[in-house]
Amino acid sequence: MLIYKGKRYTINTDGINATKSDGITTKTMAYYPERDASAIAGEIDELTAWRLLRDISGQATIINTPISPEHILIDGEKFHLSEWSTGYDPRFTSHEGYSAVWALGASIFYIFLGCHVFQGLGGKGQTASTPIPTLRGELPELSKLIAESLDYDPDKRPTLYKIRDIADLNISKCESNNKFLPLKQIEAKTITQDELDIFWPDEIY
């Protein structure tokens, strides 16, 4: 479970609840054994992307917490925004500072494609004339919403409420077309040295 990266915290779980303590304060929240959304990066379909947009945009309107893939938790049925989220990941921070809409767009881009927008530089890699990469050509509505969410001009971005409404509409469309893929079940796997050599050879030609 990857909820908080800070070294000064310890996390314990009883299988139902997870407890975080820094030796001074202790916080408890539900335990999410399927970890966070970064574990499914590059492996989700259109419906799952819409579900993620709906779930997180709805929660982000009431939970004052930074959005990033590692702050988005999975329980097998829906996505949850971690109550423990602290600090802003620069890869999901817009040029003018933190924006929940921009962060959500950048998060969906990463979770859908498995790569970061603007080479992982976040808003620092974007200017008013920087083209926004297309999420997927055959998914025009999803690509359009993500591009609008990543617009350089904050006034041109949709609101979280609008994102939720658009996501709800497209979830219905996908379900009627039988475009369905359950949330991925996370299984631990040990990579052997031979398998590792395939992806990281000693010599690259």
Side-chain angles (χ1 to χ4, degrees), residues 2-3 30 32-83 85 89 91-94 98-118 120 122 126 131-154 156-186:
L2 303 176
I3 293 180
Y32 295 90
E34 294 192 50
R35 298 166 51 191
D36 61 75
S38 62
I40 57 175
E43 299 187 39
I44 68 171
D45 66 349
E46 181 186 5
L47 176 56
T48 305
W50 286 121
R51 289 171 62 189
L52 197 160
L53 279 164
R54 178 200 58 193
D55 294 344
I56 300 304
S57 62
Q59 293 173 51
T61 61
I62 57 176
I63 301 176
N64 185 22
T65 190
I67 298 173
S68 73
E70 291 179 354
H71 290 163
I72 297 173
L73 308 176
I74 308 169
D75 72 359
E77 296 181 2
K78 64 182 297 184
F79 296 94
H80 300 267
L81 193 54
S82 172
E83 300 169 26
S85 302
D89 188 328
R91 296 172 298 180
F92 304 96
T93 302
S94 61
Y98 180 74
S99 160
V101 170
W102 200 97
L104 181 56
S107 294
I108 293 293
F109 189 97
Y110 174 74
I111 296 169
F112 194 91
L113 293 180
C115 59
H116 292 287
V117 70
F118 305 129
Q126 184 183 22
I132 298 175
T134 300
L135 184 70
R136 190 62 61 83
E138 64 271 24
L139 302 176
E141 293 184 65
L142 182 60
S143 297
K144 179 175 182 290
L145 181 59
I146 298 307
E148 291 175 348
S149 299
L150 293 170
D151 198 293
Y152 184 82
D153 185 348
K156 293 182 180 179
R157 298 171 196 157
T159 64
L160 289 169
Y161 295 103
K162 183 177 180 180
I163 291 174
R164 184 181 60 189
D165 290 343
I166 294 174
D168 270 328
L169 178 63
N170 281 278
I171 286 170
S172 298
K173 289 182 180 179
C174 287
E175 289 177 339
S176 65
N177 293 329
N178 295 317
K179 291 183 178 180
F180 176 74
L181 180 68
L183 295 180
K184 182 181 177 182
Q185 302 293 315
I186 306 300

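Heavy-atom basis, side chains included; hydrogens, waters and symmetry copies ignored. All figures in this text were calculated on a predicted structure; none of them were measured in a lab.
The two residues D151 and Q126 make their nearest non-hydrogen contact at C-NE2, 4.0 Å. Closest approach of F118 and P131 over heavy atoms only: CE2-O, 3.7 Å. Nearest heavy-atom pair, L52 versus I111, reported as atom, atom and distance to 0.1 Å: CD1-CD1, 3.7 Å. Counting all heavy atoms, side chain and backbone alike, P69 lies closest to Y110 at CG-CD2, 3.6 Å. S107 approaches I72 most closely through the heavy-atom pair CB-CD1, 4.4 Å. P158 and L145 get closest at one heavy-atom pair: CG-CD1, 4.0 Å.
E46 contributes atom CD, which lies 4.5 Å from atom CG of L139 (distance to the nearest 0.5 angstrom). In this structure, the separation between CD1 on I132 and NZ on K144 is 12.0 Å, given to the nearest 0.5 Å. Distance CD1/I108 to CD1/I56: 8.0 Å, rounded to 0.5 Å. Between the NZ atom in K162 and the CD atom in E148 there is a gap of 6.0 Å [rounded to 0.5 Å]. Note that the CD atom of E70 and the CG atom of D89 stand 7.0 Å from one another [nearest 0.5 Å].
Shown here are the ring-ring contact (aromatic ring centres under 6.0 Å, His included) partners of Y98, two or more places apart in sequence or in another chain: Y88. Contacts of F92 classified as ring-ring contact (aromatic ring centres under 6.0 Å, His included), with partners at least two apart in sequence or in another chain: H116.
A salt bridge links E141 to K173: one of the charged nitrogens lies within less than 4.0 Å of a carboxylate oxygen.
Without hydrogens or angle criteria, S143 side chain to R136 main chain gives a donor-acceptor distance under 3.5 Å. Using modelled atom types, no side-chain atom of T134 and backbone atom of G137 make a donor-acceptor pair closer than 3.5 Å.
For the pair S149 and F109, the minimum side-chain heavy-atom distance is 4.5 Å or more. Looking at L135 and F112, their side chains come closer than 4.5 Å, going by heavy atoms from C-beta outward.
Side-chain contact annotation: W50 with E175, donor-acceptor N/O pair under 3.5 Å absent. At a cut-off of 3.5 Å, with distance as the only test, no side-chain donor of R91 or S68 sits close to an acceptor on the other residue.
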With side-chain contact (heavy atoms from CB on, under 4.5 Å) as the criterion, how do H71 and I67 come out once you've worked through the C-alpha distance, each side chain's angles and the decisive distance to 0.1 Å?
CA-CA 6 Å; H71 290 163; I67 298 173; over 6 Å; no
Under the criterion side-chain contact (heavy atoms from CB on, under 4.5 Å), I'd like the reasoning laid out for L150 against W102: C-alpha separation, chi angles, the key distance, then a yes or no.
CA-CA 5 Å; L150 293 170; W102 200 97; 3.7 Å; yes
side-chain hydrogen bond (donor to acceptor under 3.5 Å, both in side chains) evaluation trace for D55 with H80
CA-CA 7 Å; D55 294 344; H80 300 267; over 6 Å; no
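Of the candidates I171, T48, L142, I166, L142 is the only one forming a side chain to side chain contact (heavy atoms under 4.5 Å, CB included) with L53. For the side chain to side chain contact (heavy atoms under 4.5 Å, CB included) with S57, the lone residue among D165, I163, T159 that qualifies is I163.
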